[in-house]
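Each chain gets a letter, A, B and so on, in the order the sequences are listed, and its residues count up from 1.
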2 protein chains.
Amino acid sequence: MNVGPNISIIAGLVGDPARARMLGALMAGKALTASELAAIAGVALPTASAHLAKLTDGGLLTSVKQGRHRYFTLSGADVADVLESLMSLAERTLGEPVKTGPRDPRLRAARICYDHLAGDMAVALFDSFQKRALIEESRAAMRLTESGEAFFRDFGLDMDAVMAARRPACRPCLDWSARRSHLAGGLGKAILDRFLSKTWATRDHGGRAVSFTPEGLRQYRLLTGSV
Amino acid sequence: MNVGPNISIIAGLVGDPARARMLGALMAGKALTASELAAIAGVALPTASAHLAKLTDGGLLTSVKQGRHRYFTLSGADVADVLESLMSLAERTLGEPVKTGPRDPRLRAARICYDHLAGDMAVALFDSFQKRALIEESRAAMRLTESGEAFFRDFGLDMDAVMAARRPACRPCLDWSARRSHLAGGLGKAILDRFLSKTWATRDHGGRAVSFTPEGLRQYRLLTGSV
DNA sequence: TTCATAGTTTGATCATGAACGAAGCATTGG
DNA sequence: CCAATGCTTCGTTCATGATCAAACTATGAA
């Protein structure tokens, strides 16, 4: 069972602090340039370039060239999932409840997990959706119910696009801070996109934390069905 | 968001090939001594000792001294979960469908994931349990139903112990090879224990692969309800 | 064209940490 | 008590890889 080599390559990539900082920044879902990532990682540009090449080689990142910039993103939601689960494990094994900066409570409340919402508010949404049978578990996979599709269409989501996409609409994603599932997949993305495009919610200065406007909170409560 | 340091410490631990081999071996759920792990990792004893100290410091392993031996185990099922998800990611990003040794098909069919069954057979069980409403998803957590409790008690499991334990009876665990959930938690462990103690199933020479006797296969089909 | 910006490559430096032999504890068995 | 086994500690060697300055390439702007 030569399982070692495979996982140690990936883990080794994440194992460098500078690279881990880059990956952490990319979990916000936005594409970032090499220079930006260098600044975030706290290393010089050549160093960052080398790191980014390794991450890309290892399949964790993909990049697109635009003019003289090169934009990097995580190669998929599964990368973000693994990073979140690593955080969850780190929180338990290292004992310390995550480097608890001043903005940490807000991170726990609502943050971006690659392309969908995470945090307590996202977990509450997931629970509510299930309780109201808008989504359901079937054969070890999540499924959107008919009433769910109607509800979300009503809310303003482009459900045709969500249903037509190759990627599954519903997928549970383990929440780092709450240790419970929240909603990933096309539907999770559609919901986040809606909130961002309507500016009902905004990212905090490029980080992962998310702030809701009063109207955003109203819409959120609408989603939870608590009004 | 100083998320980097935390995860890079853990990932760095897994990132060393020798340590990754040790962790992989421990995913079989059995406690192993330092010497055994040294042999598996392919390093000398002093080297292994240093690795094990680091893994223990990092909270990934726990150890108990028994006489002049020291037995190491994964510190929890969450460690195994992360390792499985790393394998899953490695399989996608590195392109190669896992170092495919001769025994690989058997690994995919049935293997041990720390303390419960994984692989196609385990995924089939999970599906079947859900279809027959022996377990159900409720509020983002798995729950054992009443009929499920009766069924498993009938099958011969010590359900009193399972229900009394602090650890949740049902927990989904993402399957590395099938990319679908199988059953972890107290119930998952109880099922595996039953098969092992009755010698309906045996580990293959200390590895993770699992073999079923004819009687074991009969019992398995009983569980799936396909008879 | 010339300049400026973004990124890569090269080459050299340097620190980390993986490796093991030898010696040191600790526990068991005779 | 002594010997043998299992593991840890110590000290040394060595390879890897992270780092950055400087030179180079590529794109866009003036």
Side-chain angles (χ1 to χ4, degrees), chain A residues 2 4-26 30-73 94 206, chain B residues 2 4-26 30-73 94 206:
Chain A
N2 349 8
N6 285 308
I7 73 171
S8 68
I9 290 172
I10 301 295
L13 287 173
V14 187
D16 178 85
R19 285 194 293 260
R21 283 191 288 271
M22 291 174 169
L23 291 169
L26 289 171
K30 266 198 345 186
L32 296 173
T33 66
S35 315
E36 291 170 321
L37 287 167
I40 287 167
V43 295
L45 228 151
T47 310
S49 187
H51 283 313
L52 291 168
K54 288 188 184 183
L55 288 172
T56 306
D57 272 2
L60 298 187
L61 299 186
T62 53
S63 65
V64 288
K65 266 188 99 164
Q66 263 179 33
R68 43 186 168 179
H69 295 273
R70 188 150 164 205
Y71 286 93
F72 292 88
T73 55
L94 302 182
Chain B
N2 348 11
N6 286 308
I7 72 172
S8 68
I9 291 172
I10 301 295
L13 287 173
V14 186
D16 178 85
R19 285 194 292 260
R21 282 190 289 270
M22 292 175 169
L23 291 169
L26 289 172
K30 265 198 348 184
L32 297 172
T33 66
S35 315
E36 290 170 320
L37 288 167
I40 288 168
V43 294
L45 230 154
T47 309
S49 187
H51 282 313
L52 291 168
K54 287 186 185 187
L55 289 171
T56 306
D57 271 3
L60 298 187
L61 299 185
T62 53
S63 65
V64 288
K65 267 188 97 163
Q66 262 180 33
R68 40 188 170 180
H69 295 273
R70 188 153 163 201
Y71 286 94
F72 291 87
T73 55
L94 301 182

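Nearest-nucleotide positions on DNA chain C for A:R70 and B:D16 put A:R70 closer to the 5' end.
Note that CG of A:L23 is 11.0 Å distant from CD1 of A:I40, once rounded to the nearest 0.5 Å. Taking NZ from A:K30 and OH from A:Y71, the interatomic distance works out to 9.5 Å, rounded to the nearest 0.5 Å. With rounding to the nearest 0.5 angstrom, the CZ atom of B:R21 is 11.0 Å from the CD1 atom of A:I7.
The minimum heavy-atom distance between A:S8 and B:A20, with the atom names listed, is CB-CB, 3.7 Å. Across every non-hydrogen atom of A:T33 and A:F72, the tightest pair is C-CD1, 4.4 Å. A:I10 approaches A:G58 most closely through the heavy-atom pair CD1-O, 3.9 Å.
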Query raised in the report: Along nucleotides 20-29 of chain C, 5' to 3', which nucleotides get a B, which get an S, and which get a -, given that the test is a protein heavy-atom distance under 4.0 Å?
Result: BBB----BB-
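For the pair B:D57/B:L13, no side-chain contact is recorded, criterion being any heavy-atom separation below 4.5 Å from C-beta on.
Between A:F72 atom CZ and C:dA6 atom C1' the separation is 11 Å, expressed in whole Å.
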Donor-acceptor pairs under 3.5 angstrom involving side-chain atoms of residues 41-56 of chain A: please list them, not counting sequence neighbours.
from: A:H51; atom 1: ND1; to: A:R19; atom 2: NH1; distance (Å): 3.1
from: A:T56; atom 1: OG1; to: A:L52; atom 2: O; distance (Å): 2.7

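Of all the residues in residues 48-60 of chain B, B:S49 reach under 4.0 Å from DNA chain D with at least one non-hydrogen atom.
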